[in-house]
Student: 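First the structure, which I've put down as structure tokens, then a few questions once you've had a look.
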Amino acid sequence: MKDLNWRLLLLGGLLCAVAAAATPYVTLKLGQSVDLTIGGMFLAAYVLGKRMKGQELAIELNIIQAMIGLVSAIAFMVVILSAFFYIQNVFGRNIGFNLTTWQMFLWLLVSANLGVFMGIFPRSSILKDHSLPWPASKATLAVAQTLTDPKATAVTKTKRDVLMVSTGAAGFLTFLRDGLGVLSPIVGSPALNIALGPEFAAFGIGMLVPLSVGLSGLLGTWLVSAFGETVAKYSALSGVAQENFGNCLSTLNSVGGLDGAPKAVAMGFLNTTCGKAGEFVGASSHFKYVVQWMMWPATAMMIAAALTSVIIPIVLHFLHKDKVKFEKHEFKSLADEEIPLWWTVTGIAVSVTLLVWMTSTWFDMPWQQVLLAVAIQPILIIAGLRVLGITGSGPVSLMANATQFLFGLIWPAHIRSNLTAAYVSANPQATSENVVPSFWVAQRLGGKFKTLILAQLMVIPIGAILTPFMFNMLERTYGIGLNPGQLAAPTGLKIATLAIVMEKGLSFLPHGALQASVIAIFIGVFFELLLAFKKTNEKGHEESRFWMVPIPAALGFALILPGSLNIGIAIGSVISAAWRQFSPGEGGTFDNYAAPLASGLVAGEAMVGSILMPSLAVAMQFIIR
């Protein structure tokens, strides 16, 4: 095909390799992925723009962003790998997850193919609904049009320079911080991991989110600071018999003031009767104990808020569908939308057959369970695409949680099957959400749907092989867990937490966590309902009437993220808000340069943290040996 020339494939492959290598670090550190497609489009426009212009270049940029988006979606699956890791290594449950790298590669490869082919099926009905706003796709379209507009070359060049300089600077400073240890944080509470430090990815993420998100995270950090030590003690006393709990807690509160023989007696009592209380007393950091308690109300709040946030816009969309501004019905697609039916049918049939065989064989999971996890995907994918089209954000982790909940109700004792079902849901969901948006952009720029499908299928192996490889490298370099310096993987922790709850029931929760979780559910729903009340400001933009209400998702994540990251995100959001205030409107410095600067901060730390530092660690081990 003309559109799939060797230059495009080579450049796209290189950008996909960078995205697949960088995404796991950001995802494991911050609990969310970051959109690297915009930066990739800038670089691709610089390289490809020397040989083509106008519509031809715009079509190529859409192909490039579709390729990068797909491998990033695959790389996001480190959250499932981290969930397995938490269950086996942090929670001490041997569930028999010991896949080799090549087995993970095949598992990712097949499930990603399934997502692409399943994403093709609902394209007609989804794309014909012109009331769906597609905010994220509109952003991609705008960037492609800007990069191919000859009148915007000067601004575009400056944006590209800002992106390159901020990436290089963040990478250099990250090396000074992690490689040489010369950029030390200002520590507020070492026991609770609260510090102010040079967290460049967090600064960048903060600049890309609303101020309310950053401040919500700061509120979460304050809650940890205020109640962290108390709930950490409850967590350390998990599993203690009820009749001993009061004595254990009293002894744990007083042991710090004892000395000599009385302290030895108290420590003996704590070690023999009070769970992990003895370990807690000797630990320099109590953050992992805080998270092991906070993760329950945090998970409850995030899931309840996510469900509410998904339901509200869909309900409002259908209630006010007659008031939605439709695109004109004479809209004519510029794309060649033909996709042979046999591609889709054959791709789904082969992918499902291989996925059922692999999962049932490698995980000793009954094929009926695997088939059920696959069978519910079309419903979840269609629902996810509509949510993506309305909100601009795909509910990947929420759909994985929904699958976990269903499996927990049917097979509560099968924790490995629960996590496996979450994966079978998450990867096809993530990759399918990359297909239809690229079609939407192609309808307005031109190109062929078949070309987009082939381009995405070609780069799946890149994401599939680099994801487990990078996860293993990052685990060896930083560690996955709740101790200082480790990657916390909060989304993986949330998935692992739900799997344990569905297996053991609510009695497994630490003291007070159940009551806190119930309260958190009501808070999450109530806050989301308040945030749903909108008004139009003087500029004609919609904003929440209750702008001061914390964002439940950000607040929940903040309870299980290290305080240093929450503070970094808050700082970034404050900088962004202040910059926007002094440079408002389209064409201002904030509108032009904030996103490239923020993307560069994230990309710089991600590339050095996920590629350079692990590579140096491996090289040093090799030299020492």
Student: Can you name the nearest heavy-atom pair linking A305 to G524, along with the distance?
Tutor: CB-O, 4.0 Å

Student: Could you check whether the rings of W222 and F227 sit parallel, tilted or perpendicular, using 30° and 60° as the cut-offs?
Tutor: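 The arrangement is perpendicular - the two ring planes meet at more than 60°.
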
Student: Ignoring hydrogens and geometry, is there a side-chain-to-backbone donor-acceptor pair from S225 to T221 under 3.5 Å?
Tutor: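 No; judged by distance alone, with no hydrogens or angles, the pair does not exist.
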
Student: For the CG atom of N193 and the CD atom of Q486, what is their distance to the nearest 0.5 Å?
Tutor: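 It comes to 10.5 Å.
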
Student: Under the 3.5 angstrom rule, does the side chain of T431 hit a backbone N or O of P428 as a donor-acceptor pair?
Tutor: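 Yes.
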
Student: Please tell me if the side chains of T174 and R177 come closer than 4.5 Å, counting only heavy atoms from C-beta onward.
Tutor: yes

Student: Which pair of non-hydrogen atoms, one from P550 and one from S216, has the smallest distance, and what is that distance?
Tutor: CA-OG, 3.3 Å

Student: When you compare the side chain of P24 with that of L474, does any pair of heavy atoms fall below 4.5 Å?
Tutor: yes

Student: Is the shortest heavy-atom distance from the side chain of V290 to the side chain of L192 under 4.5 Å?
Tutor: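 In contact.
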
Student: Any non-hydrogen side-chain atom of V162 less than 4.5 Å from a side-chain atom of N592?
Tutor: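 Side chain of V162 against side chain of N592, heavy atoms only: no contact under 4.5 Å found.
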
Student: Could you grab the distance from atom CG of L173 to atom CG of D178, nearest 0.5 Å is fine?
Tutor: 11.0 Å

Student: Which pair of non-hydrogen atoms, one from V71 and one from A19, has the smallest distance, and what is that distance?
Tutor: CG2-CB, 4.1 Å

Student: Measure from the side-chain N and O atoms of S583 to the backbone N and O of W579, and report whether any donor-acceptor pair falls under 3.5 Å.
Tutor: no

Student: Could you check whether any side-chain heavy atom of P468 comes within less than 4.5 Å of a side-chain heavy atom of L108, counting everything from C-beta outward?
Tutor: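 A side-chain contact exists here, since the closest heavy-atom pair is under 4.5 Å.
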
Student: With rounding to the nearest 0.5 angstrom, report the CZ to CG distance, F85 to L487.
Tutor: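 Reported to 0.5 Å precision, the distance equals 10.0 Å.
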
Student: Would the distance check show the side chain of N427 and the main-chain N or O of Y423 forming a donor-acceptor pair, the cut-off being under 3.5 Å?
Tutor: no

Student: Measure the spacing between CD1 of I415 and CD1 of I87 and express it to the nearest 0.5 Å.
Tutor: 4.0 Å

Student: Once rounded to the nearest 0.5 Å, what's the spacing between atom CZ of F590 and atom CD of Q581?
Tutor: 11.0 Å

Student: Could you walk me through whether S238 and W293 pass the side chain to side chain contact (heavy atoms under 4.5 Å, CB included) test, one step at a time?
Tutor: CA-CA 9 Å; S238 294; W293 192 95; over 6 Å; no

Student: Test your reading of the model: is there a side-chain donor-acceptor pair from N566 to the backbone of G220, 3.5 Å cut-off?
Tutor: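 No, because the side chain of N566 does not come within donor-acceptor range (under 3.5 Å) of the backbone of G220.
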
Student: I would like to know whether E605 and K29 meet side chain to side chain contact (heavy atoms under 4.5 Å, CB included); could you show each step before the answer?
Tutor: CA-CA 11 Å; E605 177 173 340; K29 184 170 185 177; 2.5 Å; yes

Student: Measuring only between side-chain heavy atoms, which start at C-beta, is L466 closer than 4.5 Å to C16?
Tutor: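 They are not in side-chain contact.
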
Student: Taking A421's backbone N and O only, do any of them form a donor-acceptor pair with S425's side chain (distance below 3.5 Å, no angle check)?
Tutor: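 Not a single qualifying donor-acceptor pair exists.
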
Student: Using 0.5 Å steps for rounding, measure from the OG1 atom of T491 to the CG atom of L28.
Tutor: 9.0 Å

Student: Could you walk me through whether L555 and L223 pass the side chain to side chain contact (heavy atoms under 4.5 Å, CB included) test, one step at a time?
Tutor: CA-CA 10 Å; L555 177 58; L223 290 173; 4.1 Å; yes

Student: What do the steps show when you test L419 against I80 for side chain to side chain contact (heavy atoms under 4.5 Å, CB included), and what is the final call?
Tutor: CA-CA 7 Å; L419 290 177; I80 305 295; 5.7 Å; no

Student: Looking at the rings of Y478 and Y25, which for Trp means the six-membered one, are their centres under 6.0 Å apart?
Tutor: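 Ring centroids of Y478 and Y25 are less than 6.0 Å from each other.
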
Student: With side chains defined as the heavy atoms from C-beta onward, is the minimum distance between F407 and T420 less than 4.5 Å?
Tutor: no

Student: Would you say the side chain of L211 lies within less than 4.5 Å of the side chain of V574, judging by non-hydrogen atoms?
Tutor: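 They are in side-chain contact.
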
Student: So, for A300 and I521, which heavy atoms are closest and what is the spacing to 0.1 Å?
Tutor: CB-CG1, 3.7 Å

Student: What are the two closest heavy atoms between F280 and A236, and how far apart are they?
Tutor: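 Scanning both residues, the minimum pair turns out to be CB-CB, 3.8 Å.
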
Student: When you measure from the side chain of S235 to the backbone of V231, do you find a donor-acceptor pair of N or O atoms at a distance under 3.5 Å?
Tutor: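 Looks like no, no N/O pair under 3.5 Å.
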
Student: On a heavy-atom basis, which atom in I480 and which in S82 lie closest, and how many Å separate them?
Tutor: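 The pair with the smallest heavy-atom distance is CG2-CB, 4.4 Å.
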
Student: Quick check: does any side chain N or O of Q377 sit under 3.5 Å from a backbone N or O of A373, one acting as donor and the other as acceptor?
Tutor: yes

Student: Check each of S189, S564, P185, P562 against I194 using the side-chain contact (heavy atoms from CB on, under 4.5 Å) test, and report the only one that passes.
Tutor: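 That would be S189.
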
Student: Has the side chain of S432 got a donor or acceptor atom that lies under 3.5 Å from a matching backbone atom of G115?
Tutor: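 Checked: no pair found.
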
Student: Is the backbone of M207 close enough, under 3.5 Å, to the side chain of S576 for a donor and an acceptor to pair up by distance?
Tutor: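 At least one qualifying donor-acceptor pair exists.
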
